Amino acid sequence: SPFRMIKFALRWIPRPWLIRMSAIMRWMAPLLFAGDRFEDPIDGKSYRKFLPYGYGGAIRDNALAPGSHSLERHRLMWLYLRDFSDFFTASKLAMLHIAPEQCFHQRFKQQSNLDVLTGDIESPLADMHFDLHDIPLEADRFDVIFCNHVLEHVTDDKQCLRELYRVMKPGGWGIFQVPYLPQQVLTDEDPSVTDPRERERRFGQYDHVRVYGKDYADRLRLAGFDVEVFQLSDHIDSGLMQRYRMPAGEPLMICRKSN
């Protein structure tokens, strides 16, 4: 079944290989999944279904858009950027994109108003490879920084946030999405948990070391950021939320560095 295939691929195929293999699927997807039930706002195409996605027992149906390979969180961020920010219209922006997502990578690189530098510890999409705990770049360099679903993997997320703050220009802003449980007050983390199965049970994925709660905004503020909590469901109706397969209840936290 598609669920078993996705589960097998995510667990056993190294992420750099998955990134390379997925290019084939992007060409085939519009034919295989043609329809009009769901829409991916990133590529503007409609499909009869999206693909399942997830780890362990938490496989989500209709999560991965077949063409752009966007997940719910990617579509959430795209709609914010497109409809509620000046990301596509501002004059030249220096941008740092950590762990560049396939659905965004080429689109951002080709965007005429962006000067994009991508970074990751191993991704084949990255211009530079480095450890986020010690970014080898000068302070106050970037107008915009994206670093999504990275902080749950790192040893010291507070140090990584301090580094992101350091390289952001005064007046700059960023989005740092993380696995987030809105019903959980405090972030659950334990560096002594190293067994992949226990990590999956407790933190949601075999290579995660924490899962964030409502205190995530406080962690961002502790690093120096001003934080705006944006809820897409306050701005579009439930029909569009369902058509785009948006994550219910997940806020987008916009981080700004004061002038």
Side-chain angles (χ1 to χ4, degrees), residues 2-3 5-6 9-10 13 15-54 59-90 93 95-118 120 123-127 144-150 174-175 177 230 232-233 235-248 250 252 254:
F3 284 90
M5 290 172 61
I6 293 288
L10 292 175
I13 300 177
R15 188 171 296 272
W17 293 11
L18 283 174
I19 290 171
R20 292 185 175 99
M21 292 165 57
S22 65
I24 301 168
M25 186 62 190
R26 283 199 296 275
W27 288 101
M28 300 167 56
L31 295 174
L32 293 174
F33 298 96
D36 193 45
R37 183 181 178 194
F38 300 118
E39 181 181 341
D40 181 359
I42 295 176
D43 64 12
K45 294 176 181 175
S46 298
Y47 303 92
R48 63 182 171 83
K49 66 179 293 182
F50 285 175
L51 291 164
Y53 189 89
I59 303 290
R60 309 184 303 281
D61 200 13
N62 291 308
L64 183 78
S68 74
H69 288 181
S70 68
L71 293 168
E72 303 97 330
R73 58 187 171 86
H74 303 131
R75 298 188 289 275
L76 168 62
M77 181 167 135
W78 181 268
L79 288 170
Y80 173 81
L81 296 176
R82 189 190 73 184
D83 297 340
F84 302 96
S85 83
D86 64 355
F87 179 73
F88 292 103
T89 58
L93 297 172
M95 175 180 151
L96 177 62
H97 194 176
I98 301 294
E101 300 92 340
Q102 294 177 78
C103 57
F104 296 145
H105 178 248
Q106 284 302 321
R107 287 175 172 85
F108 291 167
K109 282 283 190 180
Q110 293 165 6
Q111 203 167 306
S112 61
N113 70 322
L114 298 180
D115 180 11
V116 181
L117 178 67
T118 57
D120 191 89
S123 170
L125 300 180
D127 301 318
V144 179
I145 301 177
F146 298 146
C147 179
N148 296 319
H149 282 243
V150 172
I175 295 174
Q177 291 174 303
F230 176 85
L232 182 66
S233 57
H235 301 275
I236 69 172
D237 65 42
S238 59
L240 273 180
M241 289 285 288
Q242 175 62 18
R243 181 167 174 78
Y244 294 147
R245 293 298 290 167
M246 289 291 101
E250 181 176 331
L252 200 61
I254 317 303

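One-based numbering along the sequence shown. Treat the numbers as computed from the prediction; the structure is a model and nothing was measured.
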Nearest heavy atoms of [X] and [Y], plus distance in Å:
X	Y	value
Ile42	Cys103	CG2-O, 3.9 Å
Leu76	Pro247	CD2-CG, 4.1 Å
Pro66	Phe33	CB-CD1, 3.7 Å
Val116	Leu114	CG2-CB, 3.6 Å
Ala63	Tyr53	CB-CB, 4.0 Å
Asp40	Ala65	OD2-CB, 3.3 Å

What distance do [X] atom [atom1] and [Y] atom [atom2] have between them, rounded to the nearest 0.5 Å?
X	Y	atom1	atom2	answer
Ile98	Leu117	CD1	CG	7.5 Å
Asp115	Met95	CG	CE	10.5 Å
Leu71	Leu51	CG	CG	10.0 Å
Ile254	Leu81	CD1	CG	8.0 Å

Less than 4.5 Å apart, side chain to side chain, heavy atoms only: is that true for [X] and [Y]?
X	Y	answer
Arg107	Asp43	yes
Met246	Arg75	yes
Leu232	Tyr80	no

Practice item. Please identify each residue that fulfils side chain to side chain contact (heavy atoms under 4.5 Å, CB included) with Asn113, with sequence neighbours left out. Key: Leu93, Gln111
Checking the side chain of [X] only, and the main-chain atoms of [Y] only, is there a donor and an acceptor separated by less than 3.5 Å?
X	Y	result
Asn148	Gln177	yes
Arg37	Phe50	no
His105	Leu125	yes

Revision key, fill the gap. Paired with His74, the ring pair (Phe, Tyr, Trp, His ring centres under 6.0 Å) test is passed by just one of Phe104, Phe146, Tyr244, namely Phe104
**Study point:** Pair Arg60-Glu72, side chain to side chain contact (heavy atoms under 4.5 Å, CB included): steps then yes or no
**Key:** CA-CA 10 Å; Arg60 309 184 303 281; Glu72 303 97 330; 2.8 Å; yes
Point to revise | salt bridge (Lys or Arg N to Asp or Glu O under 4.0 Å) contacts touching residues 77-88 (sequence neighbours left out) | key: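 Sorted pair list comes back empty.
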**Study point:** Under-4.0 Å salt bridge between Glu39 and Arg243
**Key:**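 A salt bridge links Glu39 with Arg243.
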**Study point:** Close aromatic pair by centroid cut-off 6.0 Å: Phe108 and Phe87
**Key:** yes
Check your understanding: When you look at Ile175 and Leu252, which way does the side chain to side chain contact (heavy atoms under 4.5 Å, CB included) test go after all the steps?
Key -> CA-CA 8 Å; Ile175 295 174; Leu252 200 61; 3.9 Å; yes
